[in-house]
Number of protein chains: 2
Amino acid sequence: MNTKLPVPERLLAVAGDLFAREGYDAVSVRQITSRAKANLGAVTYHFGSKEALFHAVIDRMGTPFADRFVAIAAERGTPLDRITRIVTMVLTERNLPAPAMILRELATDRPLPPPLMQLMQRNLAAVAGLVREGQADGSIRAGDPSLLALSVMAQPFLMRIASRIPRDIAGVDRTDMETQRRLVKHVVTTIIRSLAS
Amino acid sequence: MNTKLPVPERLLAVAGDLFAREGYDAVSVRQITSRAKANLGAVTYHFGSKEALFHAVIDRMGTPFADRFVAIAAERGTPLDRITRIVTMVLTERNLPAPAMILRELATDRPLPPPLMQLMQRNLAAVAGLVREGQADGSIRAGDPSLLALSVMAQPFLMRIASRIPRDIAGVDRTDMETQRRLVKHVVTTIIRSLAS
DNA sequence: TCCGTATTCATACATACGTATGAATACTAA
DNA sequence: TTAGTATTCATACGTATGTATGAATACGGA
């Protein structure tokens, strides 16, 4: 870990990586501080607690993620175009820990961290807005925009983590460039078919 | 926990509940044994280790789950009908811990437990088979059956865990009967639209 | 330079963890 | 009833956990 950066920054980066990959419970404060080349007490000192650091991490990785949603939603193009762009972004962007993080927390009975809730709220609102736009101009079929937004996001989120499923089971392999292009095309086609009126 | 059942049975039941709700790392052997009214050493004695118990739990909850998939796939009706039945089952069945378990493990970088892999393999194979059937009789559009199967399952799996999202964010609320019916209808409609040729 | 605050550091604390141990008890077949 | 195995039980071991403590050091403005 780059020792030039300030300690809280290093902690956020390392913790973000570890939490996203292993989950909150599987990562210890000692792992974080040692990889960040910080003292054991640094988490308590700079963030107050491990949980507070976790929330800060969600915030830090979630804000630019949601910003991308909002930015794409504000671009030019038909609503279906912009939805396609968001879906493609979620599928192809490198180092995008948010989807796995969101799915893991959703799948767990623990109370959702407030920053995670806010993050999902922003993402879904952006997509739901596009759905409403499309419904208004007749390009998207009728239906609850919130539900449709959830349906839209379900596939790219799941496909992203499903790249862990061996190819012989699911036919997904994110490492191969050509396979990835086919995957994006597949997901986009599937989503547009489910949305178009 | 019903003390009439044999200890390994009780351990499987309690551990299944806890692992499904909290995840492997957040559950301790002491929690399991105390709720199962068994001795602390019971996990080691009957299963060998906490991890072995985890695998046994996946196997025990996964087998009937996958059996349902295979059974429905073998029923009468058009392929789209049977896919609809599987999707409805995943969405409405009570006490179905498998989807959350699968999503959480997929979202985590740890090696997938072998029984979980086998479970997904069976589920996806059942759906992919139906897709192939539908492609053969012309009712389902062209496309990689494995990918289409993944696309089909993405929504019910995500919607099941998304019931944790407050209604004002996502419009999902599994507790209300009428809302649930609407949700099933929505998901089924969306999936059929994305599959039909 | 000096002072006061901010940060780092090593270490301690209490608790929790998964597993091992060996004695005690329960059970089953002869 | 007895012998032998299966299971239960309390407890111990070593290690790991998140956080607290107080001394040491670094730093920035007067």
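Chain identifiers are assigned alphabetically (A, B, ...) following the order of the sequence lines, protein sequences preceding nucleic acid strands; residue numbering begins at 1 within each chain. Bear in mind the structure is a predicted one, so any value in this text is a computation, not a measurement.
- Checked against C/dT19, C/dA12, D/dT17, the side chain of B/S49 finds its nearest nucleotide in C/dT19.
- Look at A/R182 and B/D144 and you find no salt bridge, because none of the NZ, NE, NH1 or NH2 atoms lies under 4.0 Å from a carboxylate O.
- Rounded to whole Å, atom C1' of D/dA16 lies 14 Å from atom CD1 of A/I32.
- Checked for salt-bridge contact, A/R35 and A/D17 miss the test: no charged N lies under 4.0 Å from a carboxylate O.
- Relative to the ring axis of B/F19, B/K50 does not place its NZ or CZ within 45° and under 6.0 Å from the centre.
- Close to C/dA16, at under 4.0 Å from its OP1 or OP2, lies no side-chain N or O of B/S28.
- As rounded to whole Å, 12 Å separates atom P of D/dT7 from atom CZ of B/F47.
- Among the nucleotides C/dT11, D/dA6, C/dT19, the one closest to any side-chain atom of A/L40 is C/dT11.
- The NZ atom of A/K50 sits 19 Å away from the P atom of C/dT15 (whole-angstrom rounding).
- The existence of a salt bridge linking B/E75 and B/R85 is confirmed by a sub-4.0 Å separation between a basic side-chain nitrogen and an acidic carboxylate oxygen.
- In the set C/dA20, C/dT7, C/dA12, the nucleotide with an atom closest to the side chain of B/T44 is C/dA20.
- Spacing between atom OH of B/Y45 and atom P of D/dA10 amounts to 17 Å, rounded to whole angstrom units.
- Separating the CG atom of B/L53 from the P atom of C/dC17 is a distance of 15 Å, rounded to the nearest angstrom.
- B/K37 has its NZ atom 18 Å from the C1' atom of D/dA10, to the nearest Å.
- The nearest whole Å value for the distance from the CZ atom in A/R30 to the P atom in C/dC17 is 16 Å.
- Each of A/E51 and B/V7 has a nearest nucleotide on DNA chain D; the 5'-most of these lies closest to B/V7.
- In this structure, of D/dT7, C/dT8, D/dT19, it is C/dT8 that holds the atom nearest to the side chain of A/N39.
- For the OP1/OP2 pair of D/dA6 and a distance below 4.0 Å, the side-chain nitrogens and oxygens of B/H46 include no atom meeting the criterion.
- Separating the CG atom of B/D25 from the C1' atom of D/dA16 is a distance of 13 Å, rounded to the nearest angstrom.
- The existence of a salt bridge linking B/R110 and B/D25 is confirmed by a sub-4.0 Å separation between a basic side-chain nitrogen and an acidic carboxylate oxygen.
- A/V43 comes within contact range of no nucleotide atom at all, as no heavy-atom separation falls under 4.0 Å.
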